[in-house]
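The structure appears right after this line, and notes come after that.
What you see is a predicted model; the values in this text were computed from it and never measured. Quick note: residue numbers are just sequence positions, from 1. When a ligand or atom number is given, it counts from 1 through the structure's own listing order.
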Amino acid sequence: MTGAARGIGAATARRLARDGFAVAVLDLDESACASVVDAITAAGGRALAVGADVASEADVAAAFERVATDLGAPTVLVNNAGITRDNLLFKMSVDDWDAVMSVHLRGAFLMSRAAQQHMVSAKWGRIVNLSSTSALGNRGQVNYAAAKAGMQGFTKTLAIELGPFGVTANAIAPGFIATDMTAATAERMGVSFEDFMTHAAAATAVRRVGVPDDIAGTVSFLVSDDASFISGQVIYVAGGPTD
Ligand code: NAP
């Protein structure tokens with residue numbers, strides 16, 4: 001589970017542990033994973049804190065070695081680590097473009113490539129990738145929208161290539177989820193997080209914003225045996241239709 005120290009990743013790590021999985025709580029800073037690992041352990045589950053940058057080939061290789069040794073062969077992968085570097089196209093720097101591509105796309109590629117060998121050996125596996133409603137286009141997010149649309153093509157291709165080996169791959173495209181990421185967006189836009197959420201809720205069919213557990217529940221289903229005939233799909237978890 002990448003990007004698991006907080007937000008959607010933390011909620012999903014806790015949920016997968018409740019479902020009975022031993023969970024590698026992977027994030028940039030290993031010490032930041034401690035509270036999630038402690039919560040899982042206190043509830044009777046198994047978890048391991050792993051510090052790694054998903055965009056680093058060496059970090060990913062080392063992380064998989066540790067996880068395989070300490071928890072067993074990883075057969076479920078959730079590519080959730082993400083960043084935003086928002087700006088309008090004419091003001092966007094090359095660094096901000098590259099940073100977003102790197103974490104989302106290079107990160108998901110490196111993690112999936114490392115995971116697939118364990119999954120193919122086990123003849124069973126589940127990959128869930130975090131896309132976003134921003135994949136459909138979002139002002140100020142040309143880098144993030146491109147990366148999240150890229151995650152959808154990446155997911156469909158994984159589904160085609162790995163399906164014969166018992167591995168499914170699906171993407172979840174969340175709408176507005178209340179996390180540090182959306183709080184940071186509110187701050188950048190100069191509005192309070194409360195006002196930002198009220199506005200987002202009013203624009204959502206079910207009249208509320210999402211919470212990390214909305215995504216955790218969807219991941220839980222997609223990695224379950226009930227979802228074994230679902231692959232290459234993009235599930236919009238956004239409180240309404242999105243386009
Ligand atoms: P978040 O609260 O900002 O958490 C993201 C986590 O990813 C952080 O712990 C971050 O670590 C970690 N991370 C960043 N770069 C990394 C790297 N190179 N290697 C390993 N970990 C890294 O974000 P969130 O809102 O939970 O979002 C989770 C995912 O859902 C992201 O892919 C996001 O794009 C997607 N999503 C979110 C929303 C939303 O409304 N919140 C909507 C659609 C899609 P640091 O804290 O050290 O930076």
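Looking at residues two or more places apart in sequence or on another chain, you find a side-chain hydrogen bond (donor to acceptor under 3.5 Å, both in side chains) between S31 and D29. For F176, the ring-ring contact (aromatic ring centres under 6.0 Å, His included) criterion is met by F196, not counting sequence neighbours. Residues satisfying the side-chain hydrogen bond (donor to acceptor under 3.5 Å, both in side chains) test with D86, not counting sequence neighbours, are Q141, R188.
Under the 4.5 Å side-chain criterion, counting only non-hydrogen atoms from C-beta, L162 is in contact with I127.
For ligand 1, the 4.0 Å heavy-atom shell contains residues G3, R6, G7, I8, D27, L28, A52, D53, V54, N80, A81, G82, I83, V103, H104, L130, S131, S132, Y144, K148, P174, G175, F176, I177, T179, D180, M181, T182.
A side-chain N or O of S112 and one of N79 form a donor-acceptor pair less than 3.5 Å apart.
Between H104 and Y144, the two ring planes are perpendicular [angle over 60°; tilted spans 30° to 60°].
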